[in-house]
Amino acid sequence: MAADESHESLDLKTQLASGRLAKRVAGNLEALWRDATPQGEGTYWKLFTDADRTLDFHQPVERIMRTVRAFGDYECLAKVADAQVYVRRAVAWREKHAHPPGTVAHNSAMRLVVAASDGYVALLEWSLIGPDALAQRIGR
């Protein structure tokens, strides 16, 4: 994967690949069916947990941003100023500082700059309300 890969880019690449695969299968279904072999037992990747998508500001900014990119529109969780927030988009940079990890070092409008172990993470799109709040309210 590319260093800047995200959930959204992987999702779109998968959609493109599935279209190509569907055309290949549809165009050669008889031969593929005839030559098919049993697949075997198989394994499944476990469903992610809230712990998997929780940002740990004691980690380096590179690792934090990997988690932000991985979960994209699914959002990450983070504890900021004693509140749980849902993070959709962030940027980060390495910079020496004296702030303890997790400290809000700066805020500007709705952007929060949080200290990490080796730099800062700026939360650009975040909310105190999770993405499932509305669905839970209307009974979905």
Return the [atom1] to [atom2] distance between [X] and [Y], rounded to the nearest 0.5 Å.
| X | Y | atom1 | atom2 | answer |
| --- | --- | --- | --- | --- |
| Gln84 | Leu128 | CD | CG | 9.5 Å |
| Arg89 | Glu75 | CZ | CD | 12.5 Å |
| Trp126 | Leu77 | CH2 | CG | 14.0 Å |
| Gln59 | Met65 | CD | CE | 14.5 Å |
| His99 | His106 | NE2 | NE2 | 10.5 Å |

Heavy-atom closest pair, residues [X] and [Y]:
| X | Y | answer |
| --- | --- | --- |
| Cys76 | Thr67 | SG-O, 3.5 Å |
| Ala115 | Pro100 | CB-O, 3.6 Å |
| His97 | Gly119 | NE2-O, 3.0 Å |

### Task
Using salt bridge (Lys or Arg N to Asp or Glu O under 4.0 Å) as the criterion, point out the one residue from Arg63, Lys96, Arg94 that pairs with Asp118.
Arg94
### Query
Does the side-chain contact (heavy atoms from CB on, under 4.5 Å) test come out yes or no for Asp73 and Arg88, once each step is laid out?
CA-CA 6 Å; Asp73 287 343; Arg88 181 177 295 248; 3.1 Å; yes
### Sidechain-backbone polar pair: Ser9 side chain, Glu5 backbone, donor-acceptor under 3.5 Å
no
### Message
When you measure from the side chain of Arg53 to the backbone of Tyr74, do you find a donor-acceptor pair of N or O atoms at a distance under 3.5 Å?
### Response
yes
### Query
So, do Phe57 and Thr103 sit near enough that their side-chain heavy atoms are less than 4.5 Å apart?
no
### Query
Hydrophobic clusters join Ile, Leu, Val, Met, Phe, Trp and Tyr when side-chain heavy atoms are under 4.5 Å apart, directly or via other members; which others share one with Val113?
Val91, Trp93, Tyr120, Leu124
### Query
Should Leu21 and Leu16 be counted in the same cluster of Ile, Leu, Val, Met, Phe, Trp and Tyr side chains packed under 4.5 Å apart?
no
#### Entry: Joint cluster assignment, Val121 & Phe71, ILVMFWY side-chain distance < 4.5 Å
no
For a quick test of your reading: what N or O donor-acceptor pairs under 3.5 Å do the side chains of residues 23-46 make, sequence neighbours left out?
| from | atom 1 | to | atom 2 | distance (Å) |
| --- | --- | --- | --- | --- |
| Lys46 | NZ | Asp52 | OD2 | 3.1 |

### Task
Kindly check if the number of other-residue, nucleotide or ligand heavy atoms within 6.0 Å of CD (Glu8) is above 12?
yes
### Query
Could you go step by step and tell me if Leu123 and Val114 meet the side-chain contact (heavy atoms from CB on, under 4.5 Å) rule?
CA-CA 8 Å; Leu123 309 181; Val114 181; 4.2 Å; yes
#### Entry: Residues Tyr86, Ile129; criterion side-chain contact (heavy atoms from CB on, under 4.5 Å); working and verdict
CA-CA 7 Å; Tyr86 298 86; Ile129 301 170; 5.8 Å; no
